[in-house]
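Because only heavy atoms are used, hydrogens play no part in the values below, and waters and symmetry mates are left out as well, while side chains stay in. These numbers were taken from a predicted model, which means no experiment stands behind them.
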Amino acid sequence: MPPAKRKAATASSSKAGGGPRQSKLAKENNITAQEEAEIKEAFSLFAEPMEGEKEGVIPIGDVRRAMIALGIPPKSNHELREFTSILDPEDEGFAIYPSFLAICAIKLSSRDRTSEAHMREVDEAFALFLGRSVEEIAQLYNHEQEEEEEEYEQEQQKKPVITLAHLKRVAAVLKEENVSEELLRDMILEANGGAGVGKGVRREEFDGVMRRAGVWR
């Protein structure tokens, strides 16, 4: 009897202390073992076998449905096109599991960051740089766009961005006299991925910079 009790206790403690372990793929994409299990389950709903791919592949036309099953559907046709171009760059008609997991990990992270409270915080900080009202920024940026590519880009161009002039004004207000224009230019290029100083910094790029700086998660 005593040995049986010790065995039961050991099994119980092992179960309580462990749970599913985070795989190397999950660690690389900064998701939990539970999140990976959910992604794998959604992938398996539409997966088809393919030699050399342990988890199989998913037809590119089923990517949206798999993401809907996960509760993280693409927010627009434009975003879906972006995802499918990443998942299937050679236009082969399917996506492999590691790539699908990486896209879903980004969406899961984005879902956590785009709560109403967080977006209000982003809008408030972004509006301070622009010298505009929070309500105006929220109205302009929170409008969903479902149009074709050209119309989508036109819509994006209408949205306000943080420019070099805005950064100079903020630096002056903060009396940061040692901040050179060259440094401010470099800040813009780092934020927008080198798109050009004239492109400025969009709200989502501003959000990314602030997260990397540790201002918010």
Side-chain angles (χ1 to χ4, degrees), residues 20-48 53-123 125-126 137-138 140-149 152-153 155-156 159 191-193 195 201-217:
R21 288 189 176 184
Q22 195 181 28
S23 71
K24 181 181 178 182
L25 189 60
K27 290 178 182 176
E28 289 173 352
N29 288 278
N30 197 30
I31 59 173
T32 66
Q34 178 62 36
E35 287 171 332
E36 182 185 15
E38 291 171 2
I39 292 171
K40 183 177 289 187
E41 182 178 358
F43 185 88
S44 66
L45 290 174
F46 305 96
E48 298 177 355
E53 295 295 336
K54 181 181 177 182
E55 306 298 338
V57 297
I58 183 173
I60 207 69
D62 288 327
V63 167
R64 182 174 180 273
R65 290 198 291 166
M67 296 182 78
I68 289 174
L70 272 169
I72 49 172
K75 64 183 179 182
S76 66
N77 291 332
H78 174 77
E79 186 174 70
L80 178 60
R81 287 193 295 271
E82 282 188 336
F83 288 164
T84 54
S85 67
I86 293 170
L87 291 167
D88 187 19
E90 303 297 327
D91 200 24
E92 296 175 297
F94 62 83
I96 61 175
Y97 175 67
S99 298
F100 178 77
L101 180 140
I103 288 292
C104 291
I106 292 171
K107 282 293 288 182
L108 287 171
S109 176
S110 176
R111 181 180 64 180
D112 294 339
R113 295 196 309 270
T114 53
S115 66
E116 186 175 341
H118 173 73
M119 292 316 300
R120 177 71 182 185
E121 188 177 7
V122 174
D123 289 343
F126 193 68
I137 296 301
L140 288 169
Y141 268 94
N142 293 340
H143 172 65
E144 290 293 338
Q145 180 67 29
E146 293 283 353
E147 305 298 335
E148 293 304 315
E149 189 80 19
Y152 177 87
E153 291 302 326
E155 184 73 15
Q156 294 302 305
K159 295 178 179 180
N192 67 21
V201 180
R202 295 180 178 181
R203 185 184 67 168
E204 58 270 21
E205 294 166 339
F206 173 76
D207 184 16
V209 169
M210 299 297 272
R211 282 188 289 104
R212 290 195 296 271
V215 176
W216 49 60
R217 295 178 63 85

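- Rounding to the nearest 0.5 Å places NZ of K107 at 6.5 Å from NZ of K75.
- The line from CD1 of I39 to CD of Q34 is 10.5 Å long, rounded to the nearest 0.5 Å.
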Test side chain to side chain contact (heavy atoms under 4.5 Å, CB included) applied to E38 and L70, step by step: CA-CA 7 Å; E38 291 171 2; L70 272 169; 4.0 Å; yes
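- For the side-chain contact (heavy atoms from CB on, under 4.5 Å) criterion with L87, the lone passing option out of I58, I96, I103 is I103.
- With values rounded to the nearest 0.5 angstrom, M67 atom CE is found 7.0 Å from E79 atom CD.
- Nearest heavy atoms, R64 versus P74: CG-CD, 4.1 Å.
- Residue C104 comes nearest to I72 through the heavy atom pair O-CD1, 3.7 Å, listed as atom of the first residue, atom of the second, then distance.
- Among V201, V122, D123, the one residue that satisfies the side-chain contact (heavy atoms from CB on, under 4.5 Å) test with D207 is V122.
- The nearest pair of heavy atoms linking A69 to A42 is CB-CB, 4.5 Å.
- The aromatic rings of F100 and F43 sit tilted, their planes meeting at an angle between 30° and 60°.
- In this structure the side chain of D88 never reaches within 4.5 angstrom of the side chain of V63, judged on heavy atoms.
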Verdict with supporting geometry, E55 and K40, side chain to side chain contact (heavy atoms under 4.5 Å, CB included): CA-CA 8 Å; E55 306 298 338; K40 183 177 289 187; 3.7 Å; yes
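- In this structure, N29 contributes its side chain and L25 its backbone to a donor-acceptor pair below 3.5 Å.
- From S23, atom OG reaches atom CD of E28 across 8.0 Å, with rounding to the nearest 0.5 Å.
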Side chain to side chain contact (heavy atoms under 4.5 Å, CB included) between K159 and R203, intermediate numbers included: CA-CA 9 Å; K159 295 178 179 180; R203 185 184 67 168; over 6 Å; no
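- The number of heavy-atom neighbours closer than 6.0 Å to CD of E41, taken from other residues, nucleotides and ligands shown, is 12 or below.
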Side chain to side chain contact (heavy atoms under 4.5 Å, CB included) evaluation trace for E205 with V209: CA-CA 6 Å; E205 294 166 339; V209 169; 5.7 Å; no
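- Q22 places a side-chain N or O within 3.5 Å of a backbone atom of I31 that can act as its donor or acceptor partner.
- Expressed to the nearest 0.5 Å, how far CZ of F83 lies from NE2 of H78 amounts to 10.0 Å.
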